[in-house]
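Notes follow the structure.
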Amino acid sequence: MKRREKPQIQRPKMLIVDDKAVNRFVLKSIFEEDYEIVECQDGRGAIELLAEERGRVAAVLLDIVMPVCDGFAVLKYMKETALHTVPVILISSNVNDRNIRRACDYDVADYIQKPFQENVVRQRVQRMIDLYQIRKENVEYEQAE
């Protein structure tokens, strides 16, 4: 008798962008049970991945200060390519008024300061993903009417 294999449910993707491997590791360990994690160490890699995976990324956890291409370049790309439906949560130790104001210009969903507190990060990120999903469903419903 042949055993039936369970169909694999595709988990949503989460993109973690940080130049520090330890930060990517910590964030990955928080979310890897619920999300397929994709990591990039700079903004250039994030932009390439977002272009390839358009529509499959549920959330982006994005550092601001990185070599090669910073977080604001990623935000600019996302705004220019209509990826504003993907929640972006900035993760940075560089919290200052200027960066917060600049992030607001790109409609960033939230801003989390390093070092991370696991329960706070998990709750805030999941809340943003849920809110964006509800908003997306409402827009789709309104367009269907």
Side-chain angles (χ1 to χ4, degrees), residues 5-96 98-145:
E5 290 186 28
K6 290 183 180 178
Q8 290 220 330
I9 297 171
Q10 193 170 33
R11 296 182 302 163
K13 272 190 184 175
M14 178 180 289
L15 173 58
I16 299 173
V17 188
D18 196 308
D19 58 324
K20 305 276 189 277
V22 67
N23 292 332
R24 293 193 311 269
F25 176 81
V26 169
L27 291 167
K28 180 179 180 178
S29 69
I30 294 171
F31 295 105
E32 66 187 345
E33 286 185 28
D34 300 317
Y35 295 90
E36 178 185 339
I37 305 297
V38 184
E39 301 176 38
C40 294
Q41 63 184 3
D42 62 50
R44 182 182 301 151
I47 289 170
E48 290 170 5
L49 187 122
L50 286 165
E52 291 170 15
E53 298 291 333
R54 186 172 192 84
R56 291 202 52 230
V57 177
V60 178
L61 305 183
L62 180 65
D63 189 14
I64 295 174
V65 180
M66 295 179 289
V68 182
C69 182
D70 70 5
F72 288 112
V74 176
L75 290 170
K76 182 177 184 222
Y77 168 79
M78 291 180 75
K79 187 173 186 175
E80 290 172 351
T81 58
L83 282 168
H84 58 276
T85 59
V86 177
V88 177
I89 296 92
L90 290 183
I91 50 172
S92 183
S93 55
N94 192 4
V95 177
N96 61 47
R98 181 175 172 263
N99 282 342
I100 291 171
R101 278 194 307 274
R102 198 167 166 204
C104 289
D105 291 340
Y106 291 103
D107 296 325
V108 169
D110 204 350
Y111 200 109
I112 298 173
Q113 187 169 358
K114 297 176 191 175
F116 308 117
Q117 294 178 355
E118 181 177 339
N119 58 340
V120 172
V121 172
R122 180 187 312 278
Q123 183 180 43
R124 287 172 65 181
V125 169
Q126 192 57 55
R127 185 178 299 134
M128 282 302 119
I129 292 170
D130 292 345
L131 287 171
Y132 270 70
Q133 185 61 39
I134 290 168
R135 185 170 81 177
K136 181 180 174 185
E137 289 169 2
N138 286 341
V139 168
E140 289 171 357
Y141 176 77
E142 289 173 3
Q143 289 175 344
E145 289 185 327

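When all heavy atoms of Ile91 and Lys114 are compared, the closest pair comes out as O-CE, 3.8 Å. Listed here is the closest heavy atom pair of Pro12 and Asp34: CD-O, 3.9 Å. Contact between Ile64 and Tyr111 at its shortest, heavy atoms only, is CD1-OH, 3.2 Å. Listed here is the closest heavy atom pair of Cys69 and Ile47: SG-CD1, 4.1 Å. Heavy atoms only, all atoms of each residue included: Asp42 and Pro67 are closest at CB-O, 3.5 Å. In terms of heavy-atom proximity, Leu50 sits nearest to Val60 at CD2-CG2, 4.2 Å.
Rounding to the nearest 0.5 Å places CG of Leu61 at 7.5 Å from CD1 of Ile37. How far CD1 of Ile129 is from OH of Tyr35: 3.0 Å, rounded to the nearest 0.5 Å. Arg24 contributes atom CZ, which lies 13.0 Å from atom OG of Ser29 (distance to the nearest 0.5 angstrom). Summarising the geometry, atom OG belonging to Ser92 is positioned 9.5 Å from atom CG belonging to Asn23; distances are rounded to the nearest 0.5 Å.
Met78 places a side-chain heavy atom less than 4.5 Å from the side chain of Val86. The closest side-chain heavy-atom distance from Asp63 to Asp70 is not below 4.5 Å. Contact check for Leu75 versus Arg102: no side-chain heavy atoms found under the 4.5 Å cut-off. No side-chain heavy atom of Val38 sits less than 4.5 Å from a side-chain heavy atom of Glu53. Side-chain contact between Gln41 and Lys20: absent, with no pair of heavy atoms (C-beta onward) separated by less than 4.5 Å. Residues Cys40 and Ile16 are not in side-chain contact: their nearest non-hydrogen atoms beyond the backbone lie 4.5 Å or more apart. The side-chain heavy atoms of Arg122 and Asn119, taken from C-beta on, include no pair separated by under 4.5 Å. Side-chain contact between Leu27 and Val121: present, with at least one pair of heavy atoms (C-beta onward) separated by less than 4.5 Å.
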* To do: Using the side-chain contact (heavy atoms from CB on, under 4.5 Å) rule, take Leu83 and Arg54 through it: C-alpha gap first, then chi angles, then the decisive distance, then the call.
  => CA-CA 8 Å; Leu83 282 168; Arg54 186 172 192 84; 3.3 Å; yes
* Going through the checks in order, is the side-chain hydrogen bond (donor to acceptor under 3.5 Å, both in side chains) test met by Asp130 and Gln126? -> CA-CA 6 Å; Asp130 292 345; Gln126 192 57 55; 2.9 Å; yes
* Asked: Under the side-chain hydrogen bond (donor to acceptor under 3.5 Å, both in side chains) criterion, do Glu48 and Tyr77 qualify, and how do the steps go?
  -> CA-CA 10 Å; Glu48 290 170 5; Tyr77 168 79; over 6 Å; no
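Residue Gln133 is tested with Arg135, Lys136, Glu137 for a side-chain hydrogen bond (donor to acceptor under 3.5 Å, both in side chains); the sole match is Glu137.
With salt bridges taken as basic N to acidic carboxylate O contacts below 4.0 Å, none links Asp110 and Arg127. Taking 4.0 Å as the cut-off between side-chain N and carboxylate O, Glu36 and Arg11 do not count as a salt-bridged pair. A salt bridge does not link Asp18 to Lys28: none of the charged side-chain nitrogens sits closer than 4.0 Å to a carboxylate oxygen.
Around CZ of Arg44, the count of heavy atoms belonging to other residues, nucleotides or ligands within 6.0 Å does not exceed 12. Crowding of Glu33 atom CD: a count of heavy atoms from other residues, nucleotides or ligands under 6.0 Å not exceeding 12. Atom NZ of Lys76 sits in a sparse spot, with 12 or fewer heavy atoms from other residues, nucleotides or ligands closer than 6.0 Å.
Between the Lys79 side chain and the Asp105 main chain, a donor and an acceptor come within less than 3.5 Å of each other.
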